[in-house]
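Each chain gets a letter, A, B and so on, in the order its sequence line appears, and its residues count up from 1.
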Protein chains: 4
Amino acid sequence: MQIEIDPLSPVPLYQQLRDRVVEGIAGGTLRPGDQLAPVRQLAARFGINVATVSKGYDLLRAEGLVRSNRSAGSVVARGPRSATAEEAAWSSADRDAWAGRLATVLAEGVAQGEQDETIVAAAKEILSGFAAQRRNGGER
Amino acid sequence: MQIEIDPLSPVPLYQQLRDRVVEGIAGGTLRPGDQLAPVRQLAARFGINVATVSKGYDLLRAEGLVRSNRSAGSVVARGPRSATAEEAAWSSADRDAWAGRLATVLAEGVAQGEQDETIVAAAKEILSGFAAQRRNGGER
Amino acid sequence: MQIEIDPLSPVPLYQQLRDRVVEGIAGGTLRPGDQLAPVRQLAARFGINVATVSKGYDLLRAEGLVRSNRSAGSVVARGPRSATAEEAAWSSADRDAWAGRLATVLAEGVAQGEQDETIVAAAKEILSGFAAQRRNGGER
Amino acid sequence: MQIEIDPLSPVPLYQQLRDRVVEGIAGGTLRPGDQLAPVRQLAARFGINVATVSKGYDLLRAEGLVRSNRSAGSVVARGPRSATAEEAAWSSADRDAWAGRLATVLAEGVAQGEQDETIVAAAKEILSGFAAQRRNGGER
DNA sequence: GTGGTCTAGACCACA
DNA sequence: GTGGTCTAGACCACC
């Protein structure tokens, strides 16, 4: 998968990395079982420090999206459909926090004068973009 | 309007302040032309520094949501429907950046296993919450 | 509070720090609202790196036991009795993981020939030790 | 006995193996005198390296739970009740270390808001689970 | 070769 | 002055 990070962004590098991986999982570029690039390799590619990449992976691990194995590298642990009833993917607190973040982003659109329908349409478009990617085997 | 900020949140105070004002505008608690509380008063109410409040207002000004006059203090410049006529609300770059933030939040939900329909429903619920507030005259 | 860490232990330093703080919270030495020592100060006291202390605080933050504030330091967020029904302190997955760790430790005692009653007694003693500390105002 | 190990767990494989054997002894699946599976066989079954299995057995030997004879392979040396008569089961240092680990786990429960009674109940339930297994001849 | 841990710095953001 | 971010290294544990 081809991901980019922006060293000039105010968003921390490890956070950007985490965001890109999350998007990759949502879009099916990264599927459960897929290997993530080794921390060193990723660090070299982006010209950033290993520890920074590692911290990004830490986040993903904490979210349950990735699992790491000292010898076999890191693999994607979860995907768009792997959440079942038995293994509650999200704690309710985490889901609430997510809903709060969503509300803040949506409020921004509303405040800027976007119509509700336009916003919903934008969200649907993004989601169907992810879905289309998944159907195409994760190709961009 | 009654807003709350959490000094222990990882989100910077000025950012929280900005977020709450944005939500106030989206929900109609704050309408175009309304005065924002003077920085000193707000700083006193929250027990935080004037500079922090000021920085939050700066953000809102940069986003075009608030306008400051020497004499009249800060007033809300834009509202849920004012974009259509008054002025070009967003630069396309700003809109794109917003869409990117939205995509990141949505991707998180997808990656955690939420169904697309569930996510759209959550978004609609949030938006209709704002709309209901506006109809009620911004009362919570 | 007086805590010690052992640089020769196989347990990572940041993990030891986290364990000691958890025990401090259980024993009431650290109560909700109490300030934790600044990372730099703790690092200097133990002769370890700031990043290491920081990682320990990261863990505690992830567990919801501590909250940090850039300017005002880190404070204890939760205590032996602050878990109420509304704010589900633990996700069920976290609780299950904890029960698993408990089972492993108990199995060890059983395998080494300790009687069940002896083990339960040991556990009760530890717990009442914590409770006694809390009653004594967290004094050791 | 049927044991499972998870290659993606943060817990080292040899440690998992050791934990499972300890639990097997506690639950009576493995009784004093029983043979442990040969390292090669176990390694093949799990698809892991012989050295890894060997390291797990080393731990058990160091804890006095397993004894290795040149000819007879590794046999379980101790069981839930063999401590009383046969030999001094634990050095007091080992027992203290174990109590420390137990205290850390219990502290975590307390800090997360579990009631002492709930914790004791959980421990009793785990212990009686082991006892029940032993009565059933170690069958799961 | 993989990730995990740790050091000794530095600079920045926040309040 | 607080924590957050990041670097450039090093060594270790695991497999």
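- Residue contacts shown for Ile48(C) are limited to sugar-phosphate atoms, with no base heavy atom under 4.0 Å away.
- When the side-chain hydrogen bond (donor to acceptor under 3.5 Å, both in side chains) test is applied to Gln15(B), the partners found at least two apart in sequence or on another chain are Asp19(B).
- Residues Asn69(C) and Val11(D) each lie close to DNA chain F; by heavy-atom proximity, the contact nearer the 5' end of the strand is made by Asn69(C).
- Counting heavy atoms from C-beta outward, Val75(A) and Leu36(A) have side chains that stay 4.5 Å or more apart.
- Evaluation of the side-chain hydrogen bond (donor to acceptor under 3.5 Å, both in side chains) rule for Asp34(D) yields no partner, not counting sequence neighbours.
- For DNA chain E, the contact window with chain C, defined by any atom under 4.0 Å from a protein heavy atom, covers dT5(E) to dA15(E) in 5' to 3' order.
- Along DNA chain E, the nucleotide closest to Pro12(B) and the one closest to Val39(A) are compared, and the more 5′ of them pairs with Val39(A).
- Every pair passing side chain to side chain donor-acceptor pair (under 3.5 Å) that includes a residue from residues 95-106 of chain C is listed here, sequence neighbours excluded: Arg95(C)-Glu114(D), Arg101(C)-Glu108(D), Thr104(C)-Glu23(D).
- Not counting sequence neighbours, Gln41(D) has no partner by the side-chain hydrogen bond (donor to acceptor under 3.5 Å, both in side chains) test.
- Ranked by how close their nearest DNA chain F nucleotide is to the 5' end, Arg70(A) and Asn49(A) are led by Asn49(A).
- For Gln16(D) and dC15(F), the CD to C1' distance is 13 Å, given to the nearest whole Å.
- With Val21(D) as the partner, the side chain to side chain contact (heavy atoms under 4.5 Å, CB included) test is satisfied by one option alone out of Leu60(D), Leu65(D), Leu59(D), Thr29(D): Leu60(D).
- Counting any heavy atom pair closer than 4.0 Å across all strands shown, Arg67(A) reaches no nucleic acid atom.
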Exercise. Reading DNA chain F 5' to 3', what string of ( ), [ ], | and . shows its pairs, if Watson-Crick and G-U wobble pairs count only when both distances fall under 3.5 Å?
Worked result: ||||||||||||||.
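- A donor atom on one side chain and an acceptor atom on the other are not found under 3.5 Å apart for Asn49(C) and Thr52(C).
- Both Gln15(C) and Ala72(C) sit near DNA chain E, but only Gln15(C) has its closest nucleotide nearer the 5' end.
- A side-chain donor-acceptor contact under 3.5 Å links Arg61(B) and Ser68(B).
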